[in-house]
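All values derive from a computational prediction rather than experimental measurement. In what follows, chains carry the letters A, B, and so on, assigned in the order in which the sequence lines appear, proteins first and then strands, with residues in each chain numbered from 1.
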Protein chains: 2
Amino acid sequence: MKKHNFNAGPSILPREVIEKTAQAVLDFNGSGLSVLEISHRSKDFEVVMNETVALFKELLNIPEGYSVLFLGGGASMQFCMIPFNLFEKKAAFLNTGVWANKAMKEAKGFGEVVEVASSKDANYTFIPKDYVIPTDADYFHITTNNTIYGTEILTDIDSPVPLIADMSSDIFSRPMDVSKYGLIYGGAQKNLAPAGLTFVIVKDELLGKVSRYIPTMLNYKTHIADGSMFNTPPVLPIYSALETLRLLKANGGLAEMEKRNIAKAELLYNAIDNSKIFVGTAAKEDRSRMNICFVMKPEYKELEADFQKFASERGMVGIKGHRSVGGFRASTYNALPIESVQALVDCMQEFEKLKA
Amino acid sequence: MKKHNFNAGPSILPREVIEKTAQAVLDFNGSGLSVLEISHRSKDFEVVMNETVALFKELLNIPEGYSVLFLGGGASMQFCMIPFNLFEKKAAFLNTGVWANKAMKEAKGFGEVVEVASSKDANYTFIPKDYVIPTDADYFHITTNNTIYGTEILTDIDSPVPLIADMSSDIFSRPMDVSKYGLIYGGAQKNLAPAGLTFVIVKDELLGKVSRYIPTMLNYKTHIADGSMFNTPPVLPIYSALETLRLLKANGGLAEMEKRNIAKAELLYNAIDNSKIFVGTAAKEDRSRMNICFVMKPEYKELEADFQKFASERGMVGIKGHRSVGGFRASTYNALPIESVQALVDCMQEFEKLKA
Ligand SMILES: Cc1ncc(COP(=O)(O)O)c(C=O)c1O
Ligand SMILES: Cc1ncc(COP(=O)(O)O)c(C=O)c1O
Ligand SMILES: [Mg+2]
Ligand SMILES: [Mg+2]
Ligand SMILES: [Mg+2]
Ligand SMILES: [Mg+2]
């Protein structure tokens, strides 16, 4: 049976990327060696690293004065690495969910944290819009896509202080204006690569200003100076990322990706909005294009387990909602074809016909 | 042409592991999904994680009271993570090379560092043996195998304070007594898995005793509490590690591995000792079984580039010595077959016949 992979992360990658990665595991570039056993200091890998950085810059249209880093440890490590490098006295946060909270929690170990606004009381079903960013903060931190709640900030906001964005689950999903940000980071395991790789895009001039001692590996300057090769980088995920980026470019870049993501999201949100039994959880104006969350209407609540089973039997993978929201979550990342969304919609409609 | 992979790391992996990994990239366990796109929270991956931890404990004969962790960031991240968790007032170090120095440098950010002995003046060609470990140190740190210089500590030493060992390049190469150590760590990219995975074996009772604030991701307790799943772990390298460990067990475990490693090392060291033109760089009693370093004798010095070329043309990969030692380094990790060592020896002898 064909599987439709709606996993929230690690998540679906383009089949071409998977096949190229498998080929490189067997034999990298016809070298007679596996990509798993080449030196990261080899000429062959240097080429991979350089092209990956170059495509990152090209596809995201990153201006001069920014560095692109590939690190290990996950996006979660950035929750403390950012304050190590940028927090002097005060940092401001927009609280839009679990990940924003985790970032805030780590920052509190470094000084004063200001929560400018929160949608916690509404279980993070919307993005707060009326807030004031303190102009004396060292930075303002947002989570552009809230993977768990299915809300997304789709514009590049203006901030009077350096804007830091966790884009773990929506990087490369739309064209964006990097110049509005001081630092963008994320785990690569959604729109880019297999698990084990973290990307950081940082404006160089922000660094080197805090007074604390920064451990070498936690200092962005270390990794900038050595082109993400201060120590052994995650070689395979970087290779897979390169193949993803090559494909992105060949397929028309981020403008085309945005078009496809809008089409996929509309297809599923329309089905939800026209359903008698399903209902979306996020405020309409803040709906995410990457993670689409829905539940059964109260009068059909007891059908949730049934639908889960019904959908699984038809090849749907990973549609269970996060335990803090319940219901269902379909992650519709770049690599997910619209055919998979259609398959889910068919499944929902078939179920509705049977049960409602 | 058959390649003989003497890379220092990332380095050769068993062909079976490479083939199983490639297969899992295409289709994991017949699930219809790639191992690159499964959720780390899925039942299937939970099984992988549990078996990997269990085999780690079984093969290394790890006693009760120790945790095994799989993290990202590389061994280099441990250079600061260890002091974050264990450094209160003072730490002691045996200085046996570049990696020991890097570990010491990070510890200095936390308090008093005592270098109990150093072989720096001899370019780290031996392991110092006459030293006193201060009994008031929080821990004593050693690098059991010095990847760059080809020296190795082959016994599990006694220490009056918790013994911390960087075993990046010799873990799983011999049976050992884990109970003598407080913490063992390393990058997995030599004897275990592809790059992107760091292992930590830690005695639980040592944790939770320092007074400082430890960022969540840098706290071993975080990862112990969540079985290395606090955040997304490096899924693919963990899967490859599992396949390596399964093979290790099927092949007779660490006792058999040690026998093979001794045989390989003897073969190459004998060739070096019996050569007119090559000479080993490490003190004989401290010779590593994992990284075998040799140079041209002074009177043949100008032949080094010739031999490098000669060997490359015969399929030898990665035998260039680290720039701080020069000459040649053949890394003879677990996965390297003795046939590759024999091929290198043949190559050396053929070259010697032609040139000397
Ligand atoms: C928005 C966001 N931030 C951070 C994380 C944590 O990433 P990691 O598991 O790489 O630490 C996630 C993971 O799902 C996420 O969705
Ligand atoms: C003994 C030793 N320690 C530490 C390291 C650093 O490991 P990583 O690159 O994973 O940070 C190495 C790498 O070669 C090593 O050989
Ligand atoms: Mg969230
Ligand atoms: Mg290295
Ligand atoms: Mg060394
Ligand atoms: Mg996750």
Side-chain angles (χ1 to χ4, degrees), chain A residues 1-3 5 7-13 17-19 21-23 25-26 31-40 42 71-77 79-80 84 102 105-106 109 187 189 193-198 213 215-218 230-237 240 315 317-318 335, chain B residues 1-3 5 7-13 17-19 21-23 25-26 31-40 42 71-77 79-80 84 102 105-106 109 187 189 193-198 213 215-218 230-237 240 315 317-318 335:
Chain A
M1 180 179 51
K2 160 119 188 81
K3 293 290 174 68
N5 186 350
N7 275 329
S11 45
I12 188 168
L13 289 172
V17 171
I18 286 169
E19 279 167 9
T21 301
Q23 179 52 46
V25 168
L26 290 173
S31 65
L33 297 180
S34 167
V35 72
L36 305 182
E37 53 181 7
I38 58 167
S39 170
H40 59 296
S42 64
L71 308 175
S76 300
M77 185 64 88
F79 297 159
C80 73
F84 265 114
K102 291 200 179 198
K105 173 167 182 277
E106 295 315 301
Q189 66 270 15
L197 180 65
T198 311
Y213 164 74
T216 307
M217 279 293 288
L218 298 171
F230 173 74
N231 75 325
T232 317
V235 171
L236 180 104
S240 300
V317 173
Chain B
M1 181 177 53
K2 160 121 188 78
K3 292 289 174 68
N5 185 350
N7 275 330
S11 46
I12 187 167
L13 288 172
V17 172
I18 287 169
E19 280 167 9
T21 302
Q23 179 51 47
V25 168
L26 289 173
S31 64
L33 296 181
S34 167
V35 72
L36 305 182
E37 53 181 7
I38 58 167
S39 169
H40 59 295
S42 64
L71 309 174
S76 299
M77 186 63 89
F79 296 159
C80 73
F84 264 114
K102 292 199 177 197
K105 173 167 182 278
E106 295 316 299
Q189 66 271 17
L197 180 65
T198 311
Y213 164 74
T216 307
M217 279 293 288
L218 298 171
F230 173 74
N231 74 324
T232 318
V235 172
L236 180 104
S240 299
V317 173

- Query: Any sub-3.5 Å donor-acceptor pair from N5(A)'s side-chain atoms to L33(B)'s backbone N or O?
  - Reply: no

Under 4.5 Å to a heavy atom of chain B? For S11(A) that would be backbone

All heavy atoms of S76(A) vs all of M217(B), minimum pair found to be O-CG, 3.4 Å

Honestly, the part of F79(A) sitting under 4.5 Å from a heavy atom of chain B is neither

The interface call for K2(A) against chain B, heavy-atom contacts under 4.5 Å, is neither

Query raised in the report: With a 4.5 Å limit on heavy-atom distance, are the side chains of P194(B) and V235(A) in contact?
Result: no

Given P237(A), G32(A), G187(A), G109(A), the one with more heavy-atom pairs under 4.5 angstrom with chain B than any other is G109(A)

Rounding to 0.5 Å, atoms CG (L197(B)) and CG (L236(A)) come to a distance of 12.5 Å

Whatever's closer than 4.5 Å to a heavy atom in chain B on L218(A) counts as side chain

Interatomic distance, CG@N231(A) vs CD@Q189(B), rounded to 0.5 Å, equals 8.0 Å

Check for a donor-acceptor pair, side chain of N7(A) on one end and backbone N or O of E37(B) on the other, with a separation under 3.5 Å. yes

Turns out that what part of I38(A) lies under 4.5 Å from chain B's heavy atoms comes down to backbone

Output for pair (E19(A) CD, S34(B) OG), nearest 0.5 Å, gives 10.0 Å

Applying a strict 4.5 Å limit to non-hydrogen atoms, the region of V317(A) in contact with chain B is side chain

Backbone N or O of T216(A) within a donor-acceptor pair of the E106(B) side chain at under 3.5 Å? yes

Residue from G196(A), A193(A), G73(A), G72(A) scoring the most non-hydrogen pairs under 4.5 Å with chain B is G73(A)

Heavy-atom closest pair (P233(A) atom, A195(B) atom, distance to 0.1 Å) is O-CB, 3.4 Å

Answer key: most heavy-atom pairs under 4.5 Å with chain A among G74(B), A75(B), G318(B), S39(B) is S39(B)

